[in-house]
Structure formats: structure tokens, C-alpha cells
Amino acid sequence: MQESTFFLTVRELADLLADGSITSVELTEAYLARAEELDVPPFELPSEPRTDHDGKLATMVTIARDHALEAAERADRELAAGNRRSILHGIPYGVKDLLDTRGIRTTWGSGIFRDRVPDRNAAVIDMLEGAGAVLMAKNSLGEFAGGNTSSALNPWKLDRTSFGSSSGTVSAAVAGLIGFGIGTETGGSIVFPASAVGASGLRPSFGRVSRFGCMALSWSLDKIGPVGRSAEDCGHILQYIAGYDARDNSTVDRPFVFRADPGAMRGRRLGVHRPEFLLSGSETTRRVFQEALDVFEQMGVVLEDVELPLRPTGALFTTIVTVESGTNFKALFDDGSAANMFSFNEDRRAGWMAGRMLPAADYLTAQRIRNQLVRETDDILSRYDAVIAPTWPNGAAMREVSEGWPIPARNEWEPPDDVSARTPRLNYIANLVGLPGLAIPCGFDEEGLPLSLQICGSSMDDQAVLDLGMGYQRETDWHRRRPEYPWRE
């Protein structure tokens with residue numbers, strides 16, 4: 001099989017499967033062989049972050065070979081009989097190891113649950129199975145979706161961070177180890193890793209996708225979303241994982257039917273949060289971001305600078321997540337197993353303990369300010385199709401620092417010391433408010449590391465952000481770039 005096949009989009013893979021150019025078994029066996037050659041490190045996952053990878057990416061906690069081949073054989077029989085369930089039918093995918101998979105271990109990235117094998121599927125897994133997709137791998141993450149720390153390496157440069165919680169999923173997609181992936185996000189865990197490795201990743205509107213069967217970190221902030229090699233990939237995947245589910249009372253009955261044609265861009269309005277475009281310390285990076293904005297303008301999109309509210313988003317996020325996660329993980333403290341969390345999570349464990357003792361008034365105050373932020377943001381977005389900012393101000397940071405783990409980027413639950421105009425506002429506001437956000441690659445920094453834009457829209461208007469992302473990708477080929485093997489050290 002040609003190496004380029006591993007990097008095809010969902011639509012391109014689907015076309016090959018539909019016209020018989022390749023079978024699902026052939027595609028699945030090829031992805032399995034590639035993953036087993038390039039991904040499996042000389043140590044067992046899940047684990048602490050380590051330096052002895054021997055060049056392997058370590059994006060997969062578990063490779064579900066037998067399960068994948070059975071699903072691929074079934075897909076081939078159905079496709080041959082003319083029973084095509086969806087565009088995803090027969091395509092191998094990976095899922096962040098937070099989602100339950102019947103008969104396949106689900107560890108939550110923790111040695112505490114190294115041998116945990118669920119007897120049920122998460123809602124998203126059932127929906128993808130119904131669409132005929134082929135579950136191939138459970139992807140690595142920081143323990144209990146832990147911030148920026150992960151075993152997964154960045155295929156663009158192995159000494160750089162893959163930026164945390166959904167890192168296994170995004171790195172596997174960009175390295176051509178899976179056809180597409182499923183990640184989760186509480187405060188940036190899809191879009192930030194997507195930025196670090198140059199993936200297209202979508203954080204759907206809060207309530208769009210059922211979280212039944214997925215580890216809960218923060219029930220009022222958690223989202224599940226798609227990762228692919230294009231914005232169009234994300235739209236196709238979202239269609240088949242979205243929907244109301246009575247088992248998750250946060251879901252809404254707002255059907256999502258993806259439209260792959262973004263239509264004309266002329267006249268659409270895009271709010272530009274200019275302060276975040278100026279945060280980068282690199283002239284090269286600022287130029288890349290400006291050239292990306294120029295592409296939108298050349299398409300006829302109306303760009304207008306917009307000022308987002310300057311609120312203590314870090315403190316709000318910390319308060320809400322600490323209280324809710326401390327409650328969610330109470331059982332780990334009750335039975336003493338929290339003592340066995342990885343060393344990089346010691347501070348987090350202490351934070352959960354503190355969160356269980358936080359005054360109710362603090363939590364309620366954070367929620368009141370959050371509601372105010374919802375009103376302010378709704379007012380701004382009512383004037384635009386979407387708002388745009390860099391997903392992260394720079395390319396991926398170094399993975400290791402002299403003081404040890406975690407990597408040198410602010411953990412998603414850590415607040416800034418004060419309310420600062422230098423805080424990347426769009427992402428944290430969007431997560432607190434529950435807005436959809438699409439991260440798409442837009443170029444490279446001076447070290448050849450990917451840079452990314454995040455497009456955020458109004459709640460439940462996921463199509464609008466996908467339209468703008470697809471429009472941009474019609475005019476550029478950044479999403480087509482891929483890291484060359486052997487990976488750079």
C-alpha cells in the first residue's frame with residue numbers, strides 16, 4: 001500500500017472503499033502494521049512520561065487487533081452487499097482511552113485501572129459502530145485527562161510536546177496511524193494538541209455529543225469531539241456521534257446533519273480577536289497568522305476586530321473543574337487508590353482534595369460569573385458568523401524541562417496569577433460558555449512546527465465554524481502537510 005494512503009481524508013478513504021479499490025480488511029491490516037511498527041514503545045502503557053521511547057510515538061494504550069479485523073470483515077461483507085451505513089463505514093479509527101469499549105480495556109490513562117475491561121460501550125462507540133466504523137485503538141492521554149502531560153510524542157519533532165490530554169488521538173491521526181480519531185475536551189484538550197501537531201480538531205457545542213460511558217472530569221464542561229486531517233473530516237464524524245441521549249441529561253435534541261459544501265464565503269463575518277494574534281514573540285509566527293487572515297479576506301470574508309471580555313477565566317475554570325473533579329473522583333480517595341496516581345499528578349491530587357472542601361459560595365460565585373460571560377459572549381457572537389484567534393500563540397514547546405514534568409505550558413486547570421490581557425481568551429471563554437471551536441493548521445513557525453487557528457461560533461452552530469474551516473482549506477494545503485519519517489529528534 002502506498003504511504004500516501006495512510007494520510008487520506010475520510011472522504012478519500014471512503015471513496016476507495018466504495019469503489020472497491022481497497023477493502024476494509026486491507027486498510028485495517030495496513031494501519032495495524034504501521035501502528036505496530038511505529039507506535040509501540042519499549043515500555044507498557046499507561047505510564048509516567050518517559051524518555052526511552054526508542055523513537056516510537058506511544059499514541060496507543062491498546063491496539064485492538066482482533067476486534068478491528070472482525071469489524072473490518074463485517075464492513076466488507078456489508079459494503080459488498082450494497083449496505084453502506086455511512087461515509088465512515090470500514091474506516092479504522094482510534095478513541096481516547098476515556099471512553100468505555102466493551103471487552104477492550106479502558107484505563108483512563110492510569111495504572112490504577114490498567115486491567116479495567118468494561119462490559120459496555122460508551123454512547124459514541126455504539127454510534128460509530130452503527131455507522132460501520134472500525135475501532136482499532138485506544139489512544140494515550142495524561143492520567144485522568146491530566147492537563148498537558150502525556151506519553152504520546154509529537155511526530156513533527158520528538159522533543160516537543162504533543163500538548164496533553166487528547167494528544168494520543170491527534171498525534172496518531174497526523175502520523176497516519178488511524179483514519180480518524182475521537183478526543184475529549186474540558187479546557188482545551190482537543191484544540192491544543194491539534195495545534196501542537198497540525199491536526200484538524202473540533203470541540204463541538206456543549207450538549208451536542210453524549211458523554212455516557214466516558215470518564216467524567218467536569219460534568220458542566222466536558223465535551224467529546226472528532227479529530228481528523230481536515231475540517232470536512234470533523235463534520236462527517238460529528239454527524240455520526242451527535243444526538244440526544246437520555247442517559248446524559250446535558251444533551252440537547254438538536255439534530256446535526258453535516259453539509260460538506262461550505263458554500264460561498266463572500267459576505268460572511270468573522271470577528272478577529274486581535275490581541276491574541278499579537279501574543280507571539282516571533283515575527284515569523286505573527287506573519288504566518290496574518291497571512292492566514294489575508295486568505296479569509298481574499299475569499300470575501302468580512303474581518304472586523306473584536307474585543308472579548310476580560311474576565312478571570314483561569315480562576316473560574318479552576319474553581320469549577322476542581323470542585324467537580326474532586327467530587328467525581330471521591331471513590332479514589334475513599335479506597336486509598338489515589339495514592340497510586342502517577343508522580344506528575346501529585347499536585348492535581350492535592351487540588352482534588354482541596355476542591356472537595358471548597359466553600360459552596362465560591363463554586364456558586366464562579367457559576368454566576370460564568371452565566372454573565374455567556375450573556376456577554378452571546379451578544380458579541382450575534383454580530384458575527386464566528387470569532388477567530390490563534391489556537392496557541394506559538395509552535396509546540398519543549399517536552400521536557402530541567403525541573404522535570406510536566407511540560408512547560410500552563411496546565412489547563414491552573415489560573416493565571418491575575419486577570420491578564422496576555423491570557424489566550426477565546427479558548428477559555430469558549431470552553432466556559434460551551435461554544436464550538438475548530439482548530440485548523442495554518443502554517444509553520446521558524447522551526448518547522450505547526451501553527452493553528454481556532455474558529456469559534458455560537459452555541460449549536462457547529463456548521464458555521466466547519467464552513468469557515470472548509471473554506472480556508474479549499475484555498476490552502478496546510479492540512480495536507482505531514483511529518484516525514486523518520487521523525488525529527
Side-chain angles (χ1 to χ4, degrees), residues 1-36 39 59-60 63-96 99 101 104 121-122 124-139 168-183 199-202 209 224-242 258 260 466 479-480 482:
M1 182 177 294
Q2 293 184 339
E3 185 184 26
S4 58
T5 303
F6 297 112
F7 298 92
L8 296 178
T9 65
V10 162
R11 175 178 291 281
E12 291 163 343
L13 290 172
D15 287 346
L16 292 179
L17 289 163
D19 68 16
S21 298
I22 193 171
T23 68
S24 179
V25 168
E26 289 170 340
L27 185 62
T28 301
E29 286 179 335
Y31 272 121
L32 285 167
R34 182 174 171 84
E36 287 162 354
D39 197 65
T59 70
M60 299 177 182
I63 298 177
R65 168 174 277 277
D66 292 344
H67 176 93
L69 290 175
E70 288 177 13
E73 289 170 0
R74 183 167 57 250
D76 282 336
R77 290 193 299 271
E78 293 171 345
L79 289 168
N83 179 23
R84 189 184 191 218
R85 299 188 188 191
S86 76
I87 195 171
L88 306 179
H89 203 163
I91 299 179
Y93 75 97
V95 60
K96 186 175 179 178
L99 279 75
T101 44
I104 303 170
N121 280 335
V124 166
I125 302 300
D126 277 338
M127 296 177 83
L128 288 171
E129 185 176 291
V134 174
L135 175 61
M136 177 187 134
K138 304 300 293 294
N139 292 111
T169 304
V170 297
S171 289
V174 166
L177 305 182
I178 52 178
F180 67 88
I182 300 295
S200 295
L202 176 67
V209 178
I224 299 173
V227 174
R229 289 185 273 272
S230 69
E232 183 182 343
D233 280 3
C234 293
H236 287 302
I237 301 160
L238 180 60
Q239 175 167 326
Y240 290 99
I241 63 174
F258 175 56
L466 290 165
H479 62 296
R480 292 286 187 180
R482 62 178 190 261

D39 and T59: side chain donor to acceptor below 3.5 Å: yes

Q2-T5 side chain donor-acceptor pair, cut-off 3.5 Å: no

Polar side-chain atom of D233 near backbone of V10 as donor-acceptor pair, under 3.5 Å: yes

Sidechain-backbone polar pair: R229 side chain, F7 backbone, donor-acceptor under 3.5 Å: yes

Test log, rule side chain to side chain contact (heavy atoms under 4.5 Å, CB included), inputs F180 and V227: CA-CA 6 Å; F180 67 88; V227 174; over 6 Å; no

Plane angle bin for Y31 and F6 - parallel if under 30°, tilted between 30 and 60°, otherwise perpendicular: perpendicular

Could you tell me whether the side chain of [Y] reaches within less than 4.5 Å of the side chain of [X], counting heavy atoms only?
| X | Y | result |
| --- | --- | --- |
| I22 | L17 | yes |
| T169 | I182 | no |
| I178 | M60 | yes |
| V209 | V124 | yes |
| R34 | E3 | yes |
| L202 | I237 | no |

Audit row: T23, L79, side chain to side chain contact (heavy atoms under 4.5 Å, CB included) steps and yes/no: CA-CA 9 Å; T23 68; L79 289 168; over 6 Å; no

Nearest heavy-atom neighbours spanning [X] and [Y]:
| X | Y | answer |
| --- | --- | --- |
| N139 | A172 | ND2-CB, 3.9 Å |
| R11 | A260 | NH2-CB, 3.7 Å |
| M136 | L177 | CE-O, 3.2 Å |
| A231 | S200 | N-OG, 3.7 Å |
| S24 | V134 | OG-CG2, 3.7 Å |
| L27 | M1 | CA-CE, 4.1 Å |

side-chain hydrogen bond (donor to acceptor under 3.5 Å, both in side chains) partners of S4, counting only residues at least two apart: none

To the nearest 0.5 angstrom, please state how far the [atom1] atom of [X] sits from the [atom2] atom of [Y].
| X | Y | atom1 | atom2 | answer |
| --- | --- | --- | --- | --- |
| L13 | L88 | CG | CG | 10.5 Å |
| D76 | E26 | CG | CD | 8.0 Å |
| L128 | I91 | CG | CD1 | 11.0 Å |

Listed once per pair and sorted, the salt bridge (charged side-chain N to carboxylate O under 4.0 Å, His left out) pairs that draw on residues 85-95, sequence neighbours left out: E78-R85

Residues which pass side-chain contact (heavy atoms from CB on, under 4.5 Å) with N121, listed by chain and number, not counting sequence neighbours: T101, R102, I125, D126, E129

Non-neighbouring partners of R65 that pass salt bridge (charged side-chain N to carboxylate O under 4.0 Å, His left out), sequence neighbours left out: E36

Stepwise side chain to side chain contact (heavy atoms under 4.5 Å, CB included) check, V95 with K138: CA-CA 5 Å; V95 60; K138 304 300 293 294; 3.6 Å; yes

Worked check of side chain to side chain contact (heavy atoms under 4.5 Å, CB included) between R77 and R74: CA-CA 5 Å; R77 290 193 299 271; R74 183 167 57 250; 3.7 Å; yes

Sequence-distant partners of Y240, ring-ring contact (aromatic ring centres under 6.0 Å, His included), two or more places apart: none

Results of ring-ring contact (aromatic ring centres under 6.0 Å, His included) for F258 - residues two or more places apart only: H236

